[in-house]
Amino acid sequence: MNIRLPDGSTKELADGATARDLAGSISPRLAKDALAVEINGEAKDLSEPLHDNDSVAIITFDSRKGKALFWHSSSHIMAQAVQELFPAARVAIGPAIETGFYYDFDIENPFSPDDLQKIEKKCYEIIRNKYPIERISLSRDEAIAYYRQRNETYKIELINELEGRISVYRQDGWQDVCRGPHIPNTGCVKAIKLLSVAGAYWRGDEKNKMLQRIYGISFPKKSMLDEYLRLVEEAKKRDHRKLGKELDLFSFHTEGAGFPFWHPKGMMLYNTILDYCRAEHIAAGYEEIKTPILLDEELWRKSGHWDKYRDNMYFTEIDEVMHAVKPMNCPGGLLVYNSSAHSYREFPIKICEFGLVHRHEKAGVLHGLFRVRNFTQDDAHIFCLPEQIEEQIGEVISFIMKIYRVFGFDDYKIELSTRPEQYIGSIAMWDKAENALRSVLKQMDINYQLNPGDGAFYGPKIDFHIKDCLKRTWQCGTVQLDFSMPERFELEYTAADGSKQRPVMIHRALLGSMERFIGILLEHCAGSLPLWLSPVQTAVVPVSDRFAEYADSVYRKIQSAGIRVELDDRSEKVGYKIRSAEVRKIPFMVIVGEKEEQSGTVAVRIHGEGDTGSMPLDDFMKKIKTDEADKK
RNA sequence: GCCGGGAUGGCUCAGUGGUAGAGCAGCUGAUUCGUAAUCAGCAGGUCGGCGGUUCGAAUCCGCCUCUCGGCUCCA
């Protein structure tokens, strides 16, 4: 028979040959690396017999599919190990995830780190024995009987949702319900590491029982595990919480969980970003406002926030009237709009506010600057005519992309979120709004992912998600269309014919939360901020105390040029002071000694690069000012 | 909020029932040095908080706070 390969060639094989035979006939290497196959687009086991004219692709660990099935098989190995060591543990589900796998168990006592080690050891035993992994097809009754006998209630629940015959995969007498395919034997896994234990609700539902989840990772080569663990270490070094402490940018305190304290250097960074954003907004035709943090609860009832989000809001009483701490800026912005009469000639009205909002996040979800209880949004509200919607949204999308580029973020994804279950306004309004957003994205030729039901309660939205170094994505920019707030707050304008009409409102943020954005930025650049954002841009380092006077004059000149500079006049060796500036990730150092003093120059050292030679002080300052203006 | 780990000087961490430790940072002195750590000395902690067990608790137990990893949530 003839088999078609992905490169377009064909391979002749004897009748009855399996996918494994095909891999072997191509190369011994492939025979070794093959994990499964794709036959006519369908993933199958290597033992699958082939038929004449089949299109076949061998799946190895190198592909996404290969990794997924490899990790899924690894989760089976781990589950077997767990059940051998803890026979009372019942198995739930154990899928592959983006990197690695997990398996959920229902067990009386949660696993300890010691247990994890024991389980890992058992995994290696299973791996060493190279047990073949076989697919077995059972009738539903057989499958249910098997699991009933073992009291595996979660499996029975899963089987009850499946149709037709049930396939199970068996290794060394242990089996699990699974569609497959799986690796041919447990020996394909050469390295496995169990990473952590965590509680997880059955089927992800808070109302269900909490199970014990073990996360793990595995590879077909030991060296790949070492490399993975090295990367994890690298990522830990980039953790913005660690960097925030090391660079003395911000801190958190018991006295206010989730409320960041900004230190002088952090504030410098914060304000540099804020100043830049403010200038860009003004240049883009926005006007800035500031609205109060505490407002009458009545306002929040009117806006609909109280109904939906009161559990996440803070309240306080003022003169016997309940007030809420603002969780969003829009109601304040609406009051400003309504403080005067508007004409259609004014549109679009673009009002921005760097608004400090407070949200009561649940205790367990706080996470450095990524998830805090108070933060500043680079918020804005655009009031416009219905026919200006698409143009305005397009403008905002371009604005967001421009700003991200300046901060060095090229990796982000865009999502369109539509009407959620809890919503305000009419379905007709929602349809209109969703169509407007779709149309803009199409016009701008933007790839996006659709998130049905994920919109804000007052309107659909387009979100920008930035990817950080741990490959987590964080929602930053957002553009939300809103026909509801204008209705609720009875916004009006006078149309050309003198009639009163209702404007459309667009809510939008570019960076989203300043705090979260700074966290992402820190991880992105591993703490080595570009010159224009660095809290300290230059350190002046005299070679010894003998040059203290010259160093001081250099320091003063640089400082009066408006460059953020520090003088390290400690009686230490140059090497010590250089190291000290390097670990603080200061982008430029100027080293001054006898030569420099005599020639009025400075020796310039660049962070991470080293000595770059001497130049006149004026040239150095000019370079810094140019780089800063270029946002380098 | 739920499950599990953790909390010891400014930072990183050692210390399993018997008088609180190290390195770094800080301070003092010496050194005056050419591109990632000079030497010596000093000072600094109610061992997260409260309660309990014990002759005796950083250590064992309970509750609380914060924190870490997840789950759920994230307008």
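Chain letters run A, B, ... following the sequence lines, proteins first and then strands; every chain starts at 1.
In this model, the phosphate group of G70(B) is not approached by any side-chain N or O of His367(A) to a distance below 4.0 Å at OP1 or OP2. Remark: Arg203(A) is not in phosphate contact with C71(B), judged by side-chain N or O atoms under 4.0 Å from OP1 or OP2. Put simply, Tyr576(A) has no side-chain N or O that comes within less than 4.0 Å of OP1 or OP2 on C24(B). For G69(B), one of the phosphate oxygens OP1 or OP2 lies less than 4.0 angstrom from a side-chain nitrogen or oxygen of Arg241(A). Residue Lys245(A) places at least one side-chain N or O under 4.0 Å from the OP1 or OP2 atom of U12(B).
The base of C73(B) is not paired with the side chain of Arg359(A) by any donor and acceptor separated by under 3.5 Å. One can find a donor-acceptor pair under 3.5 Å joining the base of G1(B) and the side-chain atoms of Tyr201(A). In this model, no side-chain donor or acceptor of Arg546(A) finds a partner on the base of U32(B) within 3.5 Å.
With a 6.0 Å cutoff to the six-membered ring centre and a 45° limit on the axis angle, Arg516(A) does not count as a cation-pi contact of Phe370(A). In this structure, Lys432(A) is positioned above the aromatic face of Phe483(A), its NZ or CZ under 6.0 Å from the six-membered ring centre and within 45° of the axis.
In this structure, Phe259(A) places its CZ atom 11 Å from P of C66(B), rounding to the nearest Å. Protein atom OH of Tyr550(A) is 18 Å distant from nucleotide atom P of C33(B), rounded to whole Å. Distance, Phe370(A) CZ to C68(B) P: 12 Å, rounded to whole Å. In this structure, CD of Glu361(A) is placed 16 Å from C1' of C2(B), rounded to the nearest angstrom. Note: NZ (Lys209(A)) to P (G4(B)) measures 12 Å, nearest angstrom. The distance between atom CD of Glu596(A) and atom P of U35(B), rounded to the nearest whole Å, is 12 Å. A75(B) atom P lies 16 Å from atom NE2 of His360(A), rounded to whole Å.
Partner Phe105(A) forms a ring pair (Phe, Tyr, Trp, His ring centres under 6.0 Å) with one of Trp202(A), Phe86(A), Phe111(A), Tyr154(A) and no other, that one being Phe111(A).
For C66(B), the paired nucleotide is G6(B), the pair qualifying as Watson-Crick or G-U wobble because both relevant distances are below 3.5 Å. In a base pair of the Watson-Crick type (N1 to N3 plus N6-O4 or O6-N4) or a G-U wobble (N1-O2 and O6-N3), with each distance short of 3.5 Å, G26(B) is matched with C42(B). For C73(B), there is no paired nucleotide, since no Watson-Crick or G-U wobble pair has both relevant distances below 3.5 Å. In this structure, G18(B) and C55(B) make a Watson-Crick or G-U wobble pair, each of the two defining distances being under 3.5 angstrom.
Residue-nucleotide stacking is present for Tyr309(A) and A75(B), judged by a side-chain ring centre under 5.5 Å from the six-membered base ring centre and planes under 30° apart.
Nucleotides A30(B) and U35(B), compared at atom P, are 26 Å apart to the nearest Å.
The two residues Phe375(A) and Ser513(A) make their nearest non-hydrogen contact at CD1-CB, 3.3 Å. The shortest non-hydrogen separation linking Leu243(A) to Arg238(A) is CD1-O, 3.4 Å.
Thr418(A) and Lys461(A) share no donor-acceptor pair across their side chains, judged by distance under 3.5 Å alone.
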